[in-house]
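Okay, structure first, notes after.
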Amino acid sequence: MKLILLGAPGAGKGTQAEVISEKLNIPQISTGNMLREAVKNGTEYGLKAKAQMESGALVPDEVVIGILKERIAEDDCKNGFILDGFPRTVPQAEALDAMGVEIDKVVEIFVPDEKIQQRLGGRRVCEGCGASYHTEFKPSKVDGVCDKCSGKTVLRKDDAPETVLERLKVYHTTTAPLKEYYDSKGKLVTVVGQEEVADTSRLTLEALTK
Ligand code: ADP
Ligand code: ZN
């Protein structure tokens, strides 16, 4: 199954992508995590992406499309994958179509902006493996320490309140048109994000069978 998770920053795409990835045994492909990794390692892609990511802007289409294309060509993507954070612009969606990728479903996780602003302040991300936690809704077993790799969990620079506002603006103007793009192809399902991660996961898995 080839899936796309859409949603505003902080709507819980990454968390749900992890759940689906385990349940369906398909890889989760997070362009945000891949870009952060590239920034950390100082690769050519990383150097190009750093400033945009820190200000809450999007990384240029050519850069993310290049990264994505290489990733989905890998062996573990043969039986499908779940895209978390890609596409984020109409040209990215068109590039995916041009690659001949047949998407089965696009799940939009809807959370109102006010709630997102509350949520992101509590988000913590592992510096080691990129796993994501929330101080209130999904705490790691030991505060500040990743359950998976024992790395340090930190507040992302782009989760600063001003940057969150910018990211929401970018989402509404540039990414939200993808809803119409996929709805017109009959692929869009919308799930309302719940307080409890597990409740959203149940609704998301149900939506995949619709
Ligand atoms: P979130 O969904 O919480 O904003 P991500 O981890 O998906 O965070 O992405 C973090 C940042 O990485 C984005 O703000 C953007 O700068 C960059 N990025 C990730 N995916 C894309 C993409 N598909 N197109 C352009 N920029 C991207
Ligand atoms: Zn980790």
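As the structure lists them, so they are numbered: ligands from 1, and atoms in each ligand from 1.
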query: Quick check: does Gly85 get an N/O under 3.5 Å from an N/O on ligand 1?
result: yes

query: Is it true that Asp159 and Arg167 have a side-chain N and a carboxylate O under 4.0 angstrom from each other?
result: yes

- request: Tell me which part of Met34 gets within contact of ligand 1: side chain, backbone, both or neither, using heavy atoms under 4.0 Å.
  value: neither

query: N/O to N/O below 3.5 Å, does that happen between Thr31 and ligand 1?
result: yes

- prompt: Does some side-chain heavy atom of Arg71 sit less than 4.5 Å from a side-chain heavy atom of Asp76?
  reply: yes

- request: Answer yes or no: does an N/O atom from Arg36 fall short of 3.5 Å to an N/O atom of ligand 1?
  value: yes

query: With respect to atom 15 (C) of ligand 1, which of Ala93, Ala57, Ser30, Gly32 exhibits the smallest heavy-atom separation?
result: Ala57

field: Any Leu203 side-chain heavy atom under 4.5 Å of Val192 side chain
entry: no

field: Vertex the Zn ion (ligand 2), arms to Cys149 SG and Cys146 SG, rounded to 10°
entry: 120°

Polar side-chain atom of Ser55 near backbone of Gln52 as donor-acceptor pair, under 3.5 Å: yes

field: Heavy-atom nearest neighbour of atom 22 (C) of ligand 1 within options Arg88, Gln52, Arg123
entry: Arg88

field: Sub-3.5 Å N/O-N/O distance, Phe86 and ligand 1
entry: no

- prompt: Do the non-hydrogen side-chain atoms of Lys115 and Glu195 ever get within less than 4.5 Å of each other?
  reply: yes

